[in-house]
Amino acid sequence: MRYSKLLIPTLKESPADAEVISHKLMVRAGMIRQMAAGIYSILPMGLRVLRKVEQIIREEMNKIEGQEVFLPSIQPAELWAESGRWDFYGKELLRFKDRNNREFCYGPTHEEVITDIVRREVKSYRQLPIILYQIQTKFRDEVRPRFGIMRGREFTMKDAYSFHTTEESTHETYSSMSSAYSKIFKRCGLDFKMVEADSGTIGGNFSHEFVVLANSGEDCIGFCDSCDYASNLEKAATKTLSTNIKSPLLEELKEVTTPNKKSIEQVTQFLQVSPKKLIKTIVFETDQGLVAGLVRGDRQINPIKLKNLIDCEWLIPASEELITKTTGLPCGYLGPVEIKLKIFADKEIPLMSNSITGSNKVGIHLTGVQFKRDLNVEKVGDIRNANEGDPCPKCDPGKFKIKRGIEVGHIFILGKKYSESMQALYLDAQGKEKPIIMGCYGIGVGRTAAAAIEQNHDEKGIIWPPSIAPFQAIILPVNFSDDAVNSAAKEIYKSLWELGVETLLDDRSERLGVKFKDAELLGIPLQIVVGPKNLGEGKIEIKLRKNNESQLILFPEEISHIPSILSKL
RNA sequence: CGGGGCGUGGCGCAGCCUGGCUAGCGCACCUGCUUUGGGAGUAGGGGGUCGGAGGUUCGAAUCCUCUCGCCCCGACCA
């Protein structure tokens, strides 16, 4: 490809609305342009990268006998009604009507469609297991799209679905899928972790995420510094150490005035106590009504764990307005003693004594609160976030570390959730009808590319891992109007393509500095500088983007060495 | 959805508070000449309903009202 003919609109300055480095660099390198919030056009350089990622995914999916399909992005409402998600999915599902007033949605995911295909076409246990996958455009009308292609509303996703007759078969595929995922992300040159995860709205009970470590990531993952336990923080278990302290004298309940002291900080400062003495009461709105969650004052409540403990369909933090309406109190003085809500407590709470809580009266807190004596708790469980330095839940000496990351892949076992609601049944060897067991597996294609930039860049621009670089090499003629340089550059270009190296020829009449800047911004792994000086000595210069190292090689004899230089990167 | 910010040639911005000639600057773009081993110099040139609508005024990018869009901070997800 000749640079002068390609649409590579590079920018010297970052667009003002880009926040994270991958977004800035993708725009600057002319890979993407924004159309609307969370909706992007992918330009030639960007598409080349996405196609590389897709190809790697395809190869690994095919290796585990995945079969590629292409499902409709526009899906009828009836199908979603069958699974129950038409009502459940909320505003994130983009809905619209056709000319006949029939309701449709733009697919945010494809469980319904694939389950429909399989229930129609797969009837016998002999046809199972089967893995089907596609690489498709999804649309999720996110509350807050951001960070460019990393969290768009429209995005490309590889989604795979597997169908089984037994749990064992499901787990087998799950594990081959997880190793395929590991290979994919390794091949994309990413530093990632596979972590335990909550299965979210899709449901199921066995789930892992593939998280690329990056400070700009929106996810927090916790992992043990001594064993291999790693988990999304929203799921990460906490271990509660049993206290050996002799039970202290149990105080009686006492009211203390705490005028205008609402936050944990204010109260602890005012009463001169550690936040560990406080019990935090947080009210959530759920499909089962308002509930209160209790954690120690220095802890963060984890809504996902709470949701699982309550076993409710949905849960959101209650608005102050709603709280006031229900309890007659402003936030800040709520307490678990004699409150008229169902109470769910973290497992640390029963170990506390002589605690301090809100009193459900304005300006007053209670001291001497005892779990057994004073609280009427519905259920106790793990509902707090794990913290850095917490003991590992899996091993003894281990301590928890927390890092930020970008979720690029997610695998989970769905079980019979969709096959039961949508009647996807097969006949077993005895001729008995049974629901199919399912698994589902996703990879964000664009997000993977963005994550690769987050991990591989410097102040000059992107440093693509060669496997997903838009081009592997770029020829930079020092002066393209010099005949010797011109013809040498063309010869190198031709030879490299013949050797299977995807090469870009910068045939623009720009000065060398400009070409360097663009090559660096674009992140092409190998630069080949062709100039009259070196050419006079029968040499050309090759330079690595990664570390700026350069060497002279003989021209034309050593052009054939270039593929092996690339493969060592 | 709540809170904050911003909309001025393709990109980055100034001008707005305190209304006043033809709306500026840098980069990019086009033409000529020179230049060509790290974002060239020079001389010309093209391109803007100042997000939109309404209002105030002799006069609006500037003031007022409404509206649309985008970005950032919090609950969701590949």
Side-chain angles (χ1 to χ4, degrees), chain A residues 9-20 23 27-28 30 33-39 53 57 89-92 108-109 135-160 181 197-202 209-212 218-219 232 234 284-285 301 303-304 307 314-321 406-412 440-451 460 476-482 485 508-521 527 529-535 541 543 548 550:
Chain A
T10 58
L11 261 31
K12 283 190 186 174
E13 286 174 287
S14 294
D17 53 11
E19 196 68 12
V20 296
H23 185 194
V27 175
R28 284 193 55 208
R33 287 292 185 263
Q34 186 175 38
M35 245 292 122
I39 300 178
V53 175
I57 294 172
Y89 217 97
K91 284 190 175 176
E92 218 170 275
T109 171
I135 295 173
Q136 243 281 7
T137 301
K138 311 283 191 206
F139 191 92
R140 296 184 188 172
D141 202 350
E142 294 263 356
V143 180
R144 188 147 113 74
R146 60 183 143 174
F147 302 155
I149 212 180
M150 189 120 97
R151 175 181 220 76
R153 292 193 292 173
E154 183 178 283
F155 60 100
T156 305
M157 177 173 160
K158 186 283 301 183
D159 47 326
Y181 270 43
D198 187 79
S199 46
T201 41
I202 297 190
E209 286 173 355
F210 289 77
V211 178
V212 170
E218 296 179 272
D219 279 309
N232 191 307
E234 66 190 25
F284 288 85
E285 192 184 346
I301 198 158
I304 291 168
K307 172 176 168 283
W314 55 268
L315 169 151
I316 52 170
S319 63
E320 178 148 10
E321 197 185 344
I406 302 161
E407 180 191 352
V408 290
H410 197 163
I411 59 179
F412 42 99
C440 105
Y441 320 89
I443 293 179
V445 174
R447 192 183 277 187
T448 299
K460 296 173 182 169
L476 306 174
V478 169
N479 180 353
F480 205 63
S481 55
D482 179 299
V485 170
R508 297 175 299 170
S509 58
E510 296 288 350
R511 317 180 104 220
L512 185 63
V514 175
K515 296 184 183 183
F516 270 128
K517 292 290 181 201
D518 278 333
E520 283 156 355
L521 177 60
Q527 298 159 7
V529 187
V530 185
K533 276 191 233 158
N534 289 326
L535 214 49
E541 179 187 347
K543 194 168 164 191
N548 229 24
S550 75

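Shown here for A:G446 and A:I149, the closest heavy-atom pair between the two residues is O-CG2, 3.8 Å. Of all non-hydrogen atoms in A:R33 and A:P9, the two that sit nearest each other are NH2-O, 2.8 Å.
Rounded to whole Å, the distance from CD on A:E154 to C1' on B:rA78 is 14 Å. In this structure, A:E142 atom CD and B:rC1 atom C1' are separated by 14 Å, rounded to whole Å. Between the CZ atom of A:R447 and the C1' atom of B:rC77 there is a distance of 6 Å, rounded to whole Å. With rounding to whole Å, A:Q136 atom CD is found 14 Å from B:rA78 atom C1'. Per the geometry, CZ belonging to A:R140 stands 10 Å off C1' belonging to B:rC76, to the nearest Å. If you take NZ of A:K515 and P of B:rA40, they are 12 Å apart, rounded to a whole angstrom. Rounding to whole angstrom units, CG of residue A:L11 and P of B:rG26 are separated by 18 Å. Spacing between atom CG of A:D141 and atom P of B:rC1 amounts to 11 Å, rounded to whole angstrom units.
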What are the atom names and distances for every N/O pair under 3.5 Å that joins the protein to nucleotides 68-71 of chain B?
| residue | atom | partner | partner atom | Å |
| --- | --- | --- | --- | --- |
| B:rC70 | OP1 | A:A37 | N | 2.9 |
| B:rC71 | OP1 | A:Q34 | NE2 | 2.6 |
| B:rC71 | O3' | A:D17 | O | 3.4 |

Heteroatom pairs (N/O) under 3.5 angstrom, protein to nucleotides 44-47 of chain B:
none

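Regarding contacts with the backbone of B:rA28, a side-chain N or O of A:K12 is found under 4.0 angstrom from either OP1 or OP2.
A:E92 comes within contact range of the sugar-phosphate backbone alone, with a heavy-atom separation under 4.0 Å but no base atom that close. Across all strands shown, A:G30 has no heavy atoms under 4.0 Å from either base or sugar-phosphate atoms. Within the 4.0 angstrom heavy-atom criterion, base atoms lie near A:E520. Among the heavy atoms of the strands, none lies under 4.0 Å from A:T448. Residue-level contact check: A:D482 touches neither bases nor backbone, having no heavy atom under 4.0 Å from any strand. A:P15 comes within 4.0 angstrom of the backbone, heavy atoms only, and of no base. Residue A:R508 is out of contact with every strand shown, counting any heavy-atom pair closer than 4.0 Å. When heavy atoms are screened at a 4.0 angstrom cut-off, A:D159 is found touching no nucleic acid atom at all.
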(request) Please lay out, stage by stage, how A:F155 and A:R447 fare under the test side chain to side chain contact (heavy atoms under 4.5 Å, CB included). (result) CA-CA 9 Å; A:F155 60 100; A:R447 192 183 277 187; over 6 Å; no

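Going from the C1' atom of B:rG20 to that of B:rG69 covers 31 Å, rounded to whole Å. Spacing between B:rC63 and B:rA14 at atom P, rounded to whole Å, works out to 15 Å. Taking the C1' atoms as reference points, B:rA78 lies 30 Å from B:rC6, given to the whole Å.
At a threshold of 4.5 Å between non-hydrogen side-chain atoms, the residues A:L476 and A:E510 do not count as touching. Side-chain contact between A:V530 and A:L535 is present, with heavy atoms from C-beta onward closer than 4.5 Å.
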(request) Summarise protein proximity over nucleotides 30-37 of chain B in one line of letters, 5' to 3': B for base, S for sugar-phosphate only, - for none, counting protein heavy atoms closer than 4.0 Å. (result) -----BBB

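Across all strands shown, B:rU22 has no partner, as no Watson-Crick or G-U wobble contact with both distances under 3.5 Å is found.
A donor-acceptor pair is defined here as one N or O able to donate and one able to accept, closer than 3.5 Å; no such pair exists between the side chain of A:Y181 and the backbone of A:I411. No donor-acceptor pair closer than 3.5 Å links the side chain of A:R140 to the backbone N or O of A:E92.
In terms of the salt bridge (charged side-chain N to carboxylate O under 4.0 Å, His left out) criterion, residue partners of A:D141 (sequence neighbours excluded) are, by chain and number, A:R153. Here A:R508 pairs with A:D506, A:D518 under the salt bridge (charged side-chain N to carboxylate O under 4.0 Å, His left out) rule; sequence neighbours left out. Listed by chain and residue number, A:R151 satisfy the salt bridge (charged side-chain N to carboxylate O under 4.0 Å, His left out) test with A:E142 (two or more places apart in sequence, or in another chain).
Taking OH of A:Y441 as the reference point, atom NE2 of A:H410 lies at 12.0 Å (rounded to 0.5 Å). In this structure, A:K515 NZ and A:E520 CD are separated by 14.0 Å, a value rounded to the nearest 0.5 Å.
Between A:E218 and A:R146 there is a salt bridge, with a side-chain nitrogen of the basic residue lying less than 4.0 Å from a carboxylate oxygen of the acidic one.
Of the candidate nucleotides B:rG39, B:rG26, B:rC1, B:rC1 has the atom nearest to the side chain of A:V143.
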